[in-house]
Amino acid sequence: MDLGRRCEFHTHTFFSDGVLGPVELVRRAFVLGDRCIALTDHVDFTTVEHVLRSQLKLKGNVDWDIEVLVGVELTHIPVGKIPKMAGLARSLGAEIVVGHGESPVEPVEAGTNRAYLADGRIDILAHPGKLSVEDAELAGERGIFLELTSRHGHRRGNMHVAGVAKDAKAAMIVDTDAHGPDDLITQEEALKVAKDAGLGGRLALETVVESPDLLLRRIRG
Ligand SMILES: [Zn+2]
Ligand SMILES: [Zn+2]
């Protein structure tokens, strides 16, 4: 089966802790064969305006055959401030909003997964390692994608996330959370991430081939 060209929805540039500038990261993804890439640098209240104002200048200025989406990853936001932060990111023009979930390898505040899902204005809950059944059901209701990640450390939560999401029939997406050019992956590697998370062949294929188009539809409204 043709896996098609890849869409990368979770990446970082040197506007946060990535190593490449936005245009070079887009170029690397295009050369690898991707059809779209979202820039989702880490932001909080101090940086969200600067990052979005700067990166939105990319729109219309990339001539290669790759779609660029400009967004943010809301990161280590105090749980009580998540609705305020999500609203701020949207009002500043973020086309995609990723919530930095409760990864098993970072001291993310407890309740973060639930707060993002309850607010509903994110598109992806990233590496939500400590996902509960109720969280996954909420993600399903809200059409929020639960992330399986190829990123070292965070990926320790993949098996758990995939199992809970599958039972709740919540949509999943395979992301790289790329911080550098070597982190970008092919569709074949993405399929392996889905299978390594315990998804059967059919669901793994759906996650890699169909989820990106569903997510693009959500993003474009
Ligand atoms: Zn990072
Ligand atoms: Zn990230």
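Whatever order the structure lists ligands and atoms in, that order sets their numbers, starting from 1. Only this structure's heavy atoms are used, side chains among them; waters, hydrogens and symmetry mates stay out.
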Would you call Glu24 and Arg28 a salt bridge, using N to O less than 4.0 angstrom? yes
Side-chain ion pair, Lys81 and Asp44, N-O less than 4.0 Å: no
Look at His179 and state whether any of its N, O or S atoms is less than 2.8 Å from the Zn ion (ligand 1). yes
Counting backbone and side-chain atoms alike, is an N, O or S atom of Asp177 positioned under 2.8 Å from the Zn ion (ligand 1)? no
Closer than 2.8 Å to the Zn ion (ligand 2): does that hold for any N, O or S atom in His100? no
For the Zn ion (ligand 2), decide whether His42 has an N, O or S atom at a distance under 2.8 Å. no
Do you know which N/O/S atom name in Glu73 is closest to the Zn ion (ligand 2)? OE1
Atom name of the N, O or S atom in Asp17 that lies nearest to the Zn ion (ligand 1): OD2
Apply side chain to side chain contact (heavy atoms under 4.5 Å, CB included) to residues Phe15 and Thr47 and explain how you reach the verdict. CA-CA 9 Å; Phe15 273 81; Thr47 51; over 6 Å; no
Salt bridge (Lys or Arg N to Asp or Glu O under 4.0 Å) for Arg90 and Asp123? Distances and angles first, verdict last. CA-CA 11 Å; Arg90 290 294 182 193; Asp123 301 297; 2.8 Å; yes
Rounded to 10 degrees, the angle NE2 of His12 makes with NE2 of His10 at the Zn ion (ligand 2): 100°
Classify the ring geometry between His127 and His100 as parallel (under 30°), tilted (30 to 60°) or perpendicular (over 60°). perpendicular
Do the ring planes of His42 and His12 sit parallel (below 30°), tilted (30 to 60°) or perpendicular (above 60°)? parallel
